[in-house]
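What's counted below: heavy atoms across the whole structure, side chains too, no hydrogens, waters or symmetry copies. Note on naming: letters A, B, ... go to the chains in the order of the sequence lines (proteins, then strands), and numbering restarts at 1 for each one.
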2 protein chains.
Amino acid sequence: MNEILSHSEENYLKEIFHLSEGTNQKVSTNALAERLNAKASSITDMLKKLAEKKLVSYIKYKGCELTDEGEKIAVQIIRKHRLWETFLVNKIEFGWEEVHDVAEQLEHIQSIKLIDGLDKFLGYPKFDPHGDPIPDKEGKISYRKSKIQLSETVINSLVEVVSVNEDSLSLLKYLDEIELNLGTELKILERYTFDESIKVKIVGGQELNLSKKVAENIGVRFISEI
Amino acid sequence: MNEILSHSEENYLKEIFHLSEGTNQKVSTNALAERLNAKASSITDMLKKLAEKKLVSYIKYKGCELTDEGEKIAVQIIRKHRLWETFLVNKIEFGWEEVHDVAEQLEHIQSIKLIDGLDKFLGYPKFDPHGDPIPDKEGKISYRKSKIQLSETVINSLVEVVSVNEDSLSLLKYLDEIELNLGTELKILERYTFDESIKVKIVGGQELNLSKKVAENIGVRFISEI
DNA sequence: CATAATTTTTAGGCTTGCCTAAAAATATTT
DNA sequence: AAATATTTTTAGGCAAGCCTAAAAATTATG
């Protein structure tokens, strides 16, 4: 039940959670291998181990899924990750593109007292610097119900940026450069069918063309039509 | 030169530093084994490896010593440890007896930006919650020149507690109980030759008998005679 | 629907960091 | 200084977590 897990085991649980978030699908061995930068055979090894510990359910050749217990642990790791990111940006003057690697280390620190104390110290933040929700002590995640991908918006709407995918360092740097931050408002001007890129205008700023790939990694909230 | 070390390697360097601090002696395999809770044979293995990396000098059967490079690294780990302890006590409401284990984890986080940012955030503290000096970014340690062990004080002197050994959880808890903290002033009343225990009076508090063992683990600064 | 392509698993190996047991070196006693 | 005790090293092993290469299962395609 409350055995201590290795960093590696914790990372597996976290990535299985991320890969299955939203979908009802099982997570494939290859998908995990890519996220974890490991070979498929290593994944198989670890899945067997995690299945034995009852943290994932795993059927040969059919992929895996977190058990309730496994999910509980995964969510707490994500809580730690996002609280630390918030700490780094709010207290230690890190930029949002710099926090990921350090948070990946900090998320494995074992101390409930520390993480709850950190939560309090930060004022019980609900979202991290990339706009992702921070699970509470009980594991409840308050997803932003109205959030959609920028790539899914309709022409002539005004939206607010509420999240960006933290996984790509170069995306975050790019967004910094064009001064597109959380809270930035965008007018959706046009969508080009040939490559599915979109033209937007930053309210109070420049007009930009954003590729489909970029737009998929930005979360927005609809405000109004223009 | 700037290779990444494992947690284990870092712990070895740190403990070699602690064991040789003050003395000019080399550190014996057995002494290290005890501090690291490992068998002597494991120590030998690792010393060979660290010697190969030029972080310790090691002659078979003769013990080991840090090289300049090894000492530099050790000091930076101690810097991290003590800064994190300060963070936990000053910002997260930890007691001084609770910080050690968590700091042992945090000291291995790899990010110079984080540790320098933390230093700044804490206001460049010179001493940690146990009174031990915090090395600066360059590795300079400002030892308290006037510090002596409580066990070495002379009768009828008034002293101030400036440090306590952080290694013993039960000592720290005991000191908490009797309300002996950093900054507490003590009058040295008597020394019993049969067991080398001493009688002291906490200024504004109770009279106490402290065993030799306890007195050796408390650092004080001489104020005056009474 | 059979064959090809892809995905996943198995089998065997490697490194790290620890262990035990036995051997070798050093230190201590008498 | 010889005998004994202690310390340290060597030799061989083990678990974790990764790897490569080959085999097996699944999925896609002609």
Taking any heavy-atom pair under 4.0 Å as a contact, classify [X]: base, sugar-phosphate, or nothing.
{"X": "Ser42(B)", "value": "base"}
{"X": "Ser41(B)", "value": "base"}
{"X": "Ala40(B)", "value": "base"}

For [X] and [N], what is the distance between atoms [atom1] and [atom2] respectively, to the nearest whole Å?
{"X": "Asn11(B)", "N": "dC18(C)", "atom1": "CG", "atom2": "C1'", "value": "14 Å"}
{"X": "Asn30(B)", "N": "dT26(C)", "atom1": "CG", "atom2": "P", "value": "15 Å"}
{"X": "Asp45(A)", "N": "dA21(D)", "atom1": "CG", "atom2": "P", "value": "17 Å"}
{"X": "Lys26(B)", "N": "dT8(D)", "atom1": "NZ", "atom2": "C1'", "value": "14 Å"}
{"X": "Ile43(B)", "N": "dT20(C)", "atom1": "CD1", "atom2": "C1'", "value": "15 Å"}
{"X": "Tyr61(B)", "N": "dT26(C)", "atom1": "OH", "atom2": "P", "value": "7 Å"}
{"X": "Lys60(A)", "N": "dT10(C)", "atom1": "NZ", "atom2": "C1'", "value": "8 Å"}
{"X": "Lys62(B)", "N": "dT8(D)", "atom1": "NZ", "atom2": "P", "value": "11 Å"}

Can you tell which of [options] lies closest to the side chain of [X]?
{"X": "Tyr58(A)", "options": "dT8(D), dC19(D), dT8(C)", "answer": "dT8(C)"}
{"X": "Lys48(B)", "options": "dT10(D), dA25(C), dC18(D)", "answer": "dT10(D)"}
{"X": "Lys39(A)", "options": "dC19(C), dT20(D), dT10(C)", "answer": "dT20(D)"}

Exercise. Between Thr44(A) and dT9(C), is there a side-chain N or O to OP1/OP2 distance below 4.0 Å?
Worked result: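 Looking at the OP1 and OP2 atoms of dT9(C), one of them is under 4.0 Å from a side-chain N or O of Thr44(A).
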Exercise. Taking OP1 and OP2 of dC18(C), is either one under 4.0 Å from a side-chain nitrogen or oxygen of Ser8(B)?
Worked result: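 Answer is yes, contact under 4.0 Å.
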Exercise. Crowded around Asp195(A) CG? As in, over 12 foreign heavy atoms under 6.0 Å?
Worked result: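 Enclosed.
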Exercise. Does NZ or CZ of Lys113(B) fall inside the cone over Phe94(A)'s six-membered ring, less than 6.0 Å from its centre and within 45° of the axis?
Worked result: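 Yes, cation above the ring, under 6.0 Å and within 45°.
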Exercise. With a cut-off of under 6.0 Å to the ring centre and 45° to the axis, is Lys91(A) in cation-pi contact with Phe87(B)?
Worked result: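 No - Lys91(A) does not lie over the ring of Phe87(B) by the 6.0 Å and 45° rule.
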Exercise. Hey, which of these two, Gly63(B) or Ala38(A), hits DNA chain D nearer its 5' end, going by closest nucleotide?
Worked result: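 Of the two residues, Gly63(B) wins.
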Problem set entry | Among Arg82(A), Lys14(A), Lys80(A), salt bridge (charged side-chain N to carboxylate O under 4.0 Å, His left out) partner for Glu104(A) |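 Result for salt bridge (charged side-chain N to carboxylate O under 4.0 Å, His left out) with Glu104(A): Lys14(A).
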Exercise. Roughly how far, to the nearest 0.5 Å, is the CD1 atom of Ile4(A) from the CD atom of Glu10(A)?
Worked result: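 Spacing of CD (Glu10(A)) from CD1 (Ile4(A)) equals 9.5 Å.
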